[in-house]
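Single-structure report; data block below.
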Amino acid sequence: MTEELEKLYKDFEDTVRKNMPSASLENIRRAFDYAYKCHDGQKRKSGEPYITHPLAAAKIIAEMGIDEESVIAALLHDCIEDTGSTHEEIEKLFGKDVAEIVEGVTKLTRVTYTSKEEEQMENFRKMLLAMAKDIRVIIIKLADRLHNMRTLEYHTEQKQREKALETMEIYAPIAHRLGMQKFKWELEDRSIQFLDPIGYKAIAEGLKKKKEQNETFFDNVQTKITERLAENGIKCTVYGRIKHIYSIYRKMYSQNKTFDEVLDLYAFRVIVDDIADCYNVLGYIHDMYRPIPGHFKDYIGTPKPNMYQSLHTTVLGTEGIPFEVQIRTWEMHQTAEYGIAAHWKYKQGIKGTGDEEKFAWIRRLLETQQESDAQDFFKELKTDMFSDEVFVFTPQGDVINLPAGATPIDFAYNIHSAIGNRMTGAKVNGRIVPFTQILENGDIVEVITSNASRGPSRDWLKIVKSPEARNKIRQWFKKERREENIEHGKAMFEEELRRAGIPMQDVTNDENLPRILKRVAYPNLDDLFAAIGYGGASAQKSVNKIREELRTIEKAKKSDLETVLTQQQPKPAPKKEHPVHGIVVEGVDNCLVKFSRCCTPVPGDDIVGFITRGFGVSVHRRDCKNYIRSVSNPEEKDRWINVKWANTDSEKYTTAIHITAKERSGLVMDIAMVLNSANLKITSFNARDVGNGMSTATVVLGVRNSIELKSTMAKLNSIKGVTEVTRGQE
Ligand code: MN
């Protein structure tokens, strides 16, 4: 081990000694040596040995003084994920709890995050919290992320943005929910630095200038308050600080204020020994400085949901500078900074140490929650938080929120009633499971459906947990008769169609269907099938009508084959839900993209992107008035970046398909119809007879990806008479 590393370890050990006097330094050293061996040879992006990362995370845990197990687990937190180490081995060496915490952190590390809509995000956050059965898992995960954010500068710009966005959307809100403000602030400030470097720099510079202007201000206020309180026999610690950059950032952009309009850039903390003193201090402060009306908040009387307690007031300093004063006890301070982690420490702390009096306020808090035993507090907290919900994934990574105890059936009906009704099986984490399987947090659930499914069973009503699924199943039974009729009628209809030599697709394709329905005089095919099914209509007569209608349509088309081939169907408007897929932002993948309301660009428009203060990219047309005005403004100029449509023709690749088919009239037309309905760009189309009643066709076309190509080939293959479809070689 290098001297440098020994020094880092020594420093860490000092932190442990200071904050956790009862922890075994020997056990902790054993864990460090084990992790050191596991990560031997691995390096961080910064070039440092990998072990410096778990060591730093463990130091963050030690600073909070949680417990020995947490510190050991933090040292080992990347062992399972990145080295040959196993759960069993860790359990043997360091005990069951440590092994389970490390396993939990590993699980969370593996959950993949993709930026989605807000609602999904909240589910995602809840899921992460719920997945961590032991709250220490989350605390270590936060320490891990905090250290990674502190060393993010060594990563690529792309990675920085990804990590920063994930931190802002997932980890900072979790820290907030757990009351870990110190973590939250640092995570936010470090994220915004990468998400909006321009906005960050502007505030940082503004603060620096202010600080220089008001150099004596901090000292003055601090001295004056300390002296005044000392005169009145109140022991206290007073210190001033500048508010966190992100809290100023948010105020500026959410309330649309300029930097100078943000009132309380400065905050002072007065920390005292007991609650009575808090209110006394408030009196003295209001006597010394003029309070600004509407800014006083008593979070001691009414704690925030995350247990934060303090008195807040904003006053006007003698220099005319407004500042906020937060008054709290030391215990409240600990909770304000470390939230749930402080409670954890408290739980450990009261074990037979006789310290209970010191924590009177927490006991009161516990009492208000009707807790008789402090030991139960955490058990309650864990199970209470989201005990009635379970969060699972679709194979695409979407988070689905279901009631606890939900089964794959609930999942299927949550996706769509058609999925539930056609469900024949389910896989959880890749393995086939019974319908009665209870889903657990983080499960990946896949529904197996079949058109041959006979629909839900009445037993399902007893299995499902969600009212939604129950309703949908009941509905199905109500309509069951009709469905049976449709099924029966459809079979008769198809049989008749086959006899007439008409592919089903000719009936169902978007172009023909409206005319056919008009001809047979039914609002939709199901109604027609239902009527055939119960005998209200004749399958044969219906098919005769359809054949006549198709002939009329084909005649009209044949005259204008060229047009069919070259004319594209109008492109559908870009879907509002997932605009990001349509846009490529220069230099950045996977960032939030939205379309501006002022000029509503559509595919094909010449476009440009604006890095918004909400750290997404807003897309404008290049001829948009707002763009033209803004780009000439020196302050905003740098925020404009190049963007382009992802699926313009240049993004397509050109490929050729060979089709071999039995010669028949209408063949070329059928091929053209398939290509046209797939909305593909066709560059050339050649068909010729090759004798023996066979013909071949070669189509050169542009496709976006191989999936599109494969599906097109499959459709071509299903055309009557086609014997082979192959990829062409250029
Ligand atoms: Mn890590």
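Start at 1 and go down the list; that is how both ligands and their atoms are numbered.
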Check side chain to side chain contact (heavy atoms under 4.5 Å, CB included) between Gln193 and all other residues, then give those that pass, not counting sequence neighbours. Tyr200
So, 2.8 Å as the limit: is an N/O/S atom of His53 located closer than that to the Mn ion (ligand 1)? yes
Nearest to the Mn ion (ligand 1) - the N/O/S atom of Asp78, by atom name: OD2
Considering only residues two or more places apart or on different chains, which pairs with a residue in residues 10-31 satisfy ring-ring contact (aromatic ring centres under 6.0 Å, His included)? Tyr9-Phe12
In Asp144, which N, O or S atom comes closest to the Mn ion (ligand 1)? OD1
With ring centroids as reference points, do His77 and His53 lie under 6.0 angstrom apart? yes
Less than 4.0 angstrom from a charged side-chain N to a carboxylate O is my criterion; do Glu166 and Arg145 meet it? yes
If you check every N/O/S atom of His77, which is the one nearest the Mn ion (ligand 1)? NE2
